Structure formats: structure tokens, C-alpha cells
Amino acid sequence: MIDKPMSGIRSAWVEIDHQQLLTNFELINQDSPAHLKKLCVVKDQAYGHGGVVIAKAARDAGYDYLAVETIDEAIELRDAQIELPILIFGEVSDAEFAACLAYRITCCVNDIDKARRFNALCLAQGINHTVHIEIDSGMSRWGVRWSDAIPVIEYIARECDGLVLEGMMSHFAMSDEADKTYANLQHSRFVEVIEALEQTDITIPLIHMSNTGGLLDLPHAHFNMIRSGILHLGVYPSLVCKRIEGLKPIMSVKAQIPALRQLQVGDCVGYGMHFTASTPMQIAILPIGYGDGYPRVRNEGYVLIHGQQCPVVGGNAMDAMMVDVSHLDNVSIGDEVVLMGGQGDEWIDPRDLVKWKKTVCYEILTGWRARLPRRYV
Ligand SMILES: *Cc1c(COP(=O)(O)O)cnc(C)c1O
């Protein structure tokens, strides 16, 4: 019988700095009001960092709640023996609701029809199940429109003995920019619902609206719980939101050089003939490409080798890219390459990749594909 080869030994990988993760959680805790409850958003494998690892660290840092986007993500956390309450954002189907009951996963119920069906399922099983309601305060995404919310809340609270309305949430379309006009309009719509509820006998224990942008910049929108996903990863949602001293990105992307090549004048590099050598030069071939989540660039961007910037030459491929190492002494096969993160005195920030990929830092973090093994150091 042939032994199965070890997985995760590929010479390109994502590295997560676990110590810095713990530091980031500590700094955020010190910076946040003591009685504020905190929900840690670990959707999409905690933006590519590993959902279970980040969820366990959040639990150990005293976070009160976890949130994911899909039922499979929630079940993965339960299967890893994580017992914190878990909220699923968005809408769940009837089939997913049955799984929510089995795994004790909180979900959102945002309309009367669904509340009626989910309540019937709970009563049939003799279960009381915790739910939240999402108020759409101006994103036109999930939830019930703020102006239509009260009847739905009253229905769930008064008519659904099988449902426990534990939370009410809303979500900002723009909380991290300097201009808070729209965020404040959304806030005031959400507060309208809260004030209308105060005229009734209904109380909802958890009220939450703020993502990282709100946590940092909108203290009046903290209510009694915040939901942050990107901050503890050491990355800020924008260039202008408040900073927490000492917070640093925990994700790096690294590789080892598998091949070097000498170019002669006139040699072309890569698909599409985007680069032609005008002098003799040495390039390194790297075992990573846009199929791993690196931006699809053309003579743009750089990596770090021996602590120095090495520009990308030509167009990168799905699985490979070429960088100019002519200015380095003694570069060898096996040398470490940093595609995101630090080496020596140099640092490639997720924001540098944001420029090269013309996107936002959320997509840079989540964009590193699963075929890059995750190494925790
Ligand atoms: C993703 C998400 C968050 C977390 O946003 P960050 O900017 O990463 O803190 C919070 N709430 C909802 C509803 C989300 O979908």
C-alpha cells in the first residue's frame, strides 16, 4: 500500500501570526467599552484566515457571539466543539432552519410567513428557538424595511411561542468613510424602530448595528453589541476610520523560489508578450498565480526577496508568476518570497494588493484560495 502524501507541504502558503491575533483581540478589548457585548464575524473562513481558529481565539478573548453566512459554516464551528451562540446572517430556507434547530444556530426571521412556518416547526418538535430580526435601514439587502418592522416584531414576539426573539440588528452601507451622513440616517431609522418598541411591552435583549466601521467611528451606534469581522485580523475597513495603536495584519502570503532563469536581450516573459528584456537579466519563477488569489497583473506589483522589492515582470498566469531578481546577490532556489506581509524592513500591505487588484481589502483577504495551505505560526 502506498502511503498518502502529507498535505499542506506546497511551497506557496498563507501564514497566520497567531500571537499577533491574540494581541489584536487584547488591544480591541482595551479600546472597547467594558459592558459592550461583542460578536465575532467568522464568515467565509474568517475572511480566509480559518473560521475555527479565529472563532476559538475570539471565544478565549471573551467574545459573546459568533456569526457566519451559511449553515455549513455554522455546522463546521459546532463540529469543532465551539459552544458560543452562533448567528447566521441573511435568510435561511426551511431546510436550513431544521439544521439550525439541530445545531442550536440562531438565525434571522424577517417576515410573518416565515415566522409562522418556523414557529410551527419549533412547536412540532417541542423546542423554543432563538431568533433575531434584521431591520433594513437603508441597504436594501436583508431584512424588513424599517417602516414595516413593528408588525413583524409584534407577530414574532406575541404569536410565536416557539420562537424567542433575542436580537434585533441592522447593517450599515457606509460606516467607515469620513462622511457619516448616510450612516447617521440609517442609525436614526433604526432608532425609530427601537423607540416604537419602547411604547410596547416587547423587549429584545440584543440590539446590534455596528460592523468594524461602526465600532471604531460611531459609538452612538454600538447599542449593546457590535459585530466585527476584519478589525481583529489587523486590517482596517478604510484609510480614514479610527486607528488602534499596535494593531497589525496577521496574514502573510509566502512562497519558496522553485526556479531561476537568465534572460537575454529580446526574451519575452509570460502570456501575451507583455514584457521583453531590454538588457540581460535574472528572473525568479514563483509557484503562485491568479488561481491562488494573486491579482492578475501586467508588469505591476512586486514581491519581497532578501528584504528587497522585486517587480513582477510580464503578465502572471493562473499558477505562476515571474519577478525580476537581477539586483539581488546570491539569490537561490528555495529562498523565501513574501507576496503579502513583511520581510526585513519592507512590508507589502493588503492595501498595496488592493491597488494592484483594484478592489477592497475584504476581497484581498478572502481572495486567497483554499489551495494555498494555511500555516499557523
Ligand atoms: C460581514 C459583516 C459584518 C462584519 O463587517 P466588518 O467590516 O468586517 O467588521 C458585520 N455585520 C454583517 C451583517 C456582515 O455581513
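Bear in mind the structure is a predicted one, so any value in this text is a computation, not a measurement. Atoms within a ligand are numbered from 1 in the order they appear, just like the ligands themselves.
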Participant: Establish, from distance only, whether the side-chain atoms of Q256 and D335 form a donor-acceptor pair under 3.5 Å.
Facilitator: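 There is no such pair between these side chains.
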Participant: Taking distance alone, with no angle check, do I230 and ligand 1 share an N/O pair under 3.5 Å?
Facilitator: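 Indeed, backbone or side chain, I230 has an N or O that close.
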Participant: If we only consider heavy atoms of S228, is any one of them less than 4.0 Å away from an atom in ligand 1?
Facilitator: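 Yes, S228 has a heavy atom closer than 4.0 Å to ligand 1.
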Participant: Are the charged groups of E134 and R141 less than 4.0 angstrom apart, N to O?
Facilitator: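 Not counted as a salt bridge, because no side-chain N and carboxylate O are separated by less than 4.0 Å.
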Participant: Can you pull out the closest protein heavy atom to atom 11 (N) of ligand 1? Residue, atom name and distance to 0.1 Å, please.
Facilitator: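 I find the closest protein heavy atom is R227 NE, 2.8 Å.
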Participant: Going by the closest heavy atom to atom 4 (C) of ligand 1, which one wins out of Y236, F89, Y362, Y47?
Facilitator: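 Looking at heavy atoms only, Y47 sits closest to atom 4 (C) of ligand 1.
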Participant: P237 to ligand 1: N or O pair under 3.5 Å?
Facilitator: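 It does not: no N or O of P237 is found under 3.5 Å from an N or O of ligand 1.
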Participant: Among the heavy atoms of V41, does any lie under 4.0 Å from an atom of ligand 1?
Facilitator: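 Flag set, V41 near ligand 1.
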Participant: I'd like to know if R116 and D113 make a salt bridge, using a cut-off of under 4.0 Å between side-chain N and carboxylate O.
Facilitator: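 A salt bridge links R116 with D113.
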Participant: Non-hydrogen atoms of H232 versus ligand 1: any pair closer than 4.0 Å?
Facilitator: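 No, that is not the case, since the closest heavy atom of the residue is not under 4.0 Å from the ligand.
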Participant: Looking only at protein heavy atoms, which one is nearest to atom 13 (C) of ligand 1, and what is the separation?
Facilitator: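 For this ligand atom, the closest protein heavy atom is H171 ND1, 3.6 Å.
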Participant: Quick one: which ligand 1 atoms are inside 4.0 Å of a heavy atom on R141?
Facilitator: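 Listed by number with element, the hits are 15 (O).
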Participant: If Ile, Leu, Val, Met, Phe, Trp and Tyr residues are connected whenever their side-chain heavy atoms lie under 4.5 Å apart, and connections chain through other members, are F223 and I204 in the same group?
Facilitator: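 Linked, F223 and I204 end up in one cluster.
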Participant: Please report which non-hydrogen protein atom sits nearest to atom 2 (C) of ligand 1, along with the residue it belongs to and the distance in Å to one decimal place.
Facilitator: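 Scanning the protein heavy atoms, the shortest distance from atom 2 (C) of ligand 1 goes to K43 NZ, 2.6 Å.
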Participant: Just checking, is any N or O donor in the side chain of H220 or N184 under 3.5 Å from an acceptor N or O on the other one?
Facilitator: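 Per modelled atom types, H220 and N184 side chains form a pair under 3.5 Å.
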Participant: Are I194 and V144 connected, step by step, through hydrophobic side chains (Ile, Leu, Val, Met, Phe, Trp, Tyr) whose heavy atoms are closer than 4.5 Å?
Facilitator: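 Same cluster.
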